[in-house]
**Student:** 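Handing you this structure, nothing more for now.
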Amino acid sequence: MINISLTYIVANLMILSLAFFGGFHSFPFIFFSCILVWSFYRNRKVGPSEFILFIYAAVFGVALFAKDRYLYDLKMNHSAWSTFAMTFFIFILLIPGMYIKRPNMGMILRSRFFYYFVRLSVPVIIFSFIYLFPYAIRSLASGALEVRTSLSSEIILPASVLTTIAVGTSLFYPLYTIMFFYARILHLSLFLQLSMLLGSALGVLGGLVYASRDRLIWIPLFFIFSIWLWNEHISNKDIKVFKFFGAIIGLICLYILVIFTVDRFSGSSYGFLGSIFMYFGAQPYVFAETLAEQTVPLGIGLRFPIIADLLGIRVDVIRDTPYQWMFGTLVADFYAMGGWLSLIFFSFGFSVFFFIVFTIKRLDPVASLLLLILYCQVIVQGVFYFSLGFEGGNYYLIAILIFALVGRLLGYRRHAK
């Protein structure tokens, strides 16, 4: 076996050598790759921390190939300063992730909150699935490109309370995935197990309404995350079954992802390869252009419309420049709301909150699990944008925080069943 300390040194030297070829463009890739290698060295295993670091390192690696000819809608006024600033604030957001620990899943099995949550979720899941299904079919029939290009001019879903409930429920797909294992381990009825699987699939359905492909990636990954959480409680027989069906589900998601990607980018003026680079590698350039061009703040309503409504300061956000509808990571969203002040406030506030959550020793297991899911959901999808920055997403944030408090109040049973 190769000595891990030697591997650590060699890997870091290989990563750092890329700096001579990429200049300041390569800094985010080098920085997060070095931290990733260090995390491997420290933990000697792969967990959520390493996975999150890998995602950011990979995206910024792709950004090295996203040159001017693929991003000609941008002014490409990036600089070393904007690149380092983006890296710094993302690093601030990732610091809590380095302290992630597996919650006490034995206590989760005894939680009264999850006992009721699984059963009360069933009618909401069924309603949301029935409500969203026709819109998802319409989007599939229209094609990803047509849906995406019509987002700014058409309302894909009607503005109503029912839409908010249905879309908001679809955001719980990571928790429903974890609750499927909960139901399986406790040998709950097949109906409840299948309902939790339907809730997990609801995440894909909610994304397909908007021709969104990212949940086809996140749902299989949250399935793997669930296995990491429940590892000590899953039987060897179930592990084999989960691997088999997980591989099938993964292949189905991959097939749909490829179909949607080809449909979305086949007619693009960027070309298929250029569109891939634009989608996965534009983040540093979009952030730089946000710093340079967003002279008038878009307001807190951009990503926290519920707060803006409460304060009576919500205004319609008009996106009329390419960088405003391209992905610049969640820190670009934080900056666009109110400049440096909002970027510093939300980045440090988010980081400090979750650092406390992940390091406090006596945090309630239900709160620990729910807030861990929330952190992973925001940060993993944050490699593109702040994905919970709409009305339904805001209600989801509030619901998770309320559930974390209710879980402690309801307490735990003596036995798991």
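The first residue in the sequence is number 1, and the count goes up from there. All values below come from the heavy atoms of this structure, side chains included, with hydrogens, waters and symmetry mates left out. Every value quoted in this text rests on a predicted model; they were computed, and no experiment measured them.
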**Student:** Any donor-acceptor pair under 3.5 Å linking the side chain of R112 with the backbone of Y412?
**Tutor:**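 Yes.
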**Student:** Please tell me whether Y375 and F358 form a close aromatic pair, meaning their ring centres lie under 6.0 Å apart.
**Tutor:**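 For Y375 and F358, the ring centres are under 6.0 Å apart.
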**Student:** Distance from L186 atom CG to F114 atom CZ, nearest 0.5 Å?
**Tutor:**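 If we round to the nearest 0.5 Å, L186:CG and F114:CZ are 12.0 Å apart.
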**Student:** Do the ring centers of Y396 and F403 come within less than 6.0 Å of each other?
**Tutor:**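 Not close enough - the centres of the two rings lie 6.0 Å or further apart.
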**Student:** Can you see whether T329 engages Q283 through a side-chain donor-acceptor pair at a distance of less than 3.5 angstrom?
**Tutor:**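 There is no such pair (donor and acceptor under 3.5 Å, judged by atom type) between the side chains of T329 and Q283.
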**Student:** For F334, does its backbone N or O pair with a side-chain atom of S342 as donor and acceptor, under 3.5 Å?
**Tutor:**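 At least one qualifying donor-acceptor pair exists.
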**Student:** For residues L171 and Y395, determine if any side-chain heavy atom of one lies less than 4.5 Å from a side-chain heavy atom of the other.
**Tutor:**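 L171 vs Y395: side chains apart.
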**Student:** Could you tell me the separation between the CD1 atom of I373 and the OG1 atom of T177, rounded to the nearest 0.5 Å?
**Tutor:**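 Those atoms lie 9.0 Å apart.
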**Student:** Between the side chain of S49 and the main-chain N/O of G97, is any donor-acceptor distance below 3.5 Å?
**Tutor:**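 Yes; at least one donor-acceptor contact below 3.5 Å.
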**Student:** For the aromatic rings, using the six-membered ring if either is Trp, is the centroid distance between F327 and F384 under 6.0 Å?
**Tutor:**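 Yes, they do, as the ring centres are separated by less than 6.0 Å.
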**Student:** So with a 6.0 Å cut-off around CZ of F353, is the heavy-atom count from everything else above 12?
**Tutor:**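 Buried by this count: over 12 neighbours within 6.0 Å.
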**Student:** Ignoring hydrogens and angles, tell me if any N or O in the side chain of W230 forms a donor-acceptor pair with the backbone of I178 under 3.5 Å.
**Tutor:**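 Present.
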**Student:** If you take all heavy atoms of S200 and I219, which pair is closest and at what distance?
**Tutor:**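 Nearest heavy atoms, S200 then I219: O-CD1, 3.3 Å.
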**Student:** Can you see which heavy atom on A63 is nearest to which on Y285, and at what distance?
**Tutor:**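 Nearest heavy atoms, A63 then Y285: O-OH, 3.0 Å.
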**Student:** Rounded to the nearest 0.5 Å, how far does CD1 of I398 lie from CD1 of I307?
**Tutor:**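 Nearest 0.5 Å value for the CD1-CD1 distance: 7.5 Å.
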**Student:** To the nearest 0.5 angstrom, please state how far the CD1 atom of I306 sits from the CZ atom of F390.
**Tutor:**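 So the gap between those two atoms works out to 10.0 Å.
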**Student:** For F304 and F386, I'd like to know if the aromatic rings sit close, meaning centre-to-centre distance below 6.0 Å.
**Tutor:**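 Under 6.0 Å, so yes.
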**Student:** Look at the side chain of S170 and the backbone N and O of V167, then say whether any donor-acceptor pair between them is shorter than 3.5 Å.
**Tutor:**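 Checking the backbone N and O of V167 against the side chain of S170, a donor-acceptor pair under 3.5 Å is found.
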**Student:** Flag the pair E50 and R42 as a salt bridge only when some basic side-chain nitrogen lies within less than 4.0 angstrom of an acidic carboxylate oxygen.
**Tutor:**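 Judged by the 4.0 Å cut-off on N to carboxylate O distance, E50 and R42 do not form a salt bridge.
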**Student:** Can you give me the closest heavy-atom contact between L388 and N394, atom names plus distance?
**Tutor:**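 Between these two residues, the closest heavy atoms are O-ND2, 3.0 Å.
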**Student:** Mind checking the CG-CD1 spacing from L397 to I400? Nearest 0.5 Å is all I need.
**Tutor:**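 Nearest 0.5 Å value for the CG-CD1 distance: 8.5 Å.
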**Student:** Step through the shown structure and confirm whether more than 12 heavy atoms of other residues, nucleotides or ligands are within 6.0 Å of CG on L341.
**Tutor:**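 No - once you tally the heavy atoms of other residues, nucleotides and ligands closer than 6.0 Å, there are 12 at most.
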**Student:** With F60, which of I55, I90, I30, T83 fulfils side-chain contact (heavy atoms from CB on, under 4.5 Å)?
**Tutor:**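 That would be I90; it is the only one of I55, I90, I30, T83 passing the side-chain contact (heavy atoms from CB on, under 4.5 Å) with F60.
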**Student:** Judged by modelled atom types alone, do T163 and Y131 share a side-chain donor-acceptor pair under 3.5 Å?
**Tutor:**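 Result is yes, a qualifying pair exists.
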**Student:** So do the side chains of V331 and M86 get within less than 4.5 Å of each other, counting heavy atoms only?
**Tutor:**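 With C-beta onward as the side chain, the pair touches.
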**Student:** For atom CZ of F117, decide whether the heavy atoms of other residues, nucleotides or ligands shown that lie under 6.0 angstrom number more than 12.
**Tutor:**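 Yes, the 6.0 Å shell around CZ holds more than 12 heavy atoms from other groups.
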**Student:** Does S195 reach the main-chain N or O of F191 with its side chain, forming a donor-acceptor pair under 3.5 Å?
**Tutor:**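 Pair found, side chain donor or acceptor close to backbone of F191.
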**Student:** Any chance the rings of F346 and F350 have centres within less than 6.0 Å?
**Tutor:**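 No, the ring centres sit 6.0 Å or more apart.
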**Student:** Is the number of heavy atoms from other residues, nucleotides or ligands under 6.0 Å of W81 CH2 greater than 12?
**Tutor:**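 Atom CH2 in W81 is not crowded, with 12 or fewer foreign heavy atoms closer than 6.0 Å.
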**Student:** Does S351 use its side chain to pair, donor to acceptor, with the backbone of S347 at less than 3.5 Å?
**Tutor:**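 No, S351 side chain to S347 backbone: no donor-acceptor pair under 3.5 Å.
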**Student:** Would the number of heavy atoms belonging to other residues, nucleotides or ligands and lying under 6.0 Å from CZ of F127 be above 12?
**Tutor:**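 Enclosed.
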**Student:** Can you confirm whether more than 12 heavy atoms, excluding those of R408, are under 6.0 Å from its CZ atom?
**Tutor:**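 Counting neighbours around CZ of R408, 12 or fewer heavy atoms of other residues, nucleotides or ligands fall under 6.0 Å, so no.
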**Student:** Looking at Y56 and V383, would you say the former's side chain and the latter's main chain have a donor-acceptor pair under 3.5 Å?
**Tutor:**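 Yes.
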**Student:** Can a cation-pi geometry be assigned to R119 and Y116, taking NZ or CZ under 6.0 Å from the six-membered ring centre and within 45° of the ring axis?
**Tutor:**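 Output no; distance or angle outside limits.
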**Student:** Has R110 got a side-chain atom pairing as donor or acceptor with G106's backbone, closer than 3.5 angstrom?
**Tutor:**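 The answer is no, because no donor-acceptor pair under 3.5 Å joins these two groups.
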**Student:** What is the distance from atom CG of L202 to atom CZ of F129, rounded to the nearest 0.5 Å?
**Tutor:**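 It is 7.5 Å, given to the nearest 0.5 Å.
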**Student:** Determine whether the aromatic ring centres of residues W38 and Y41 are separated by less than 6.0 angstrom.
**Tutor:**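 No; W38 has its ring centre 6.0 Å or more from that of Y41.
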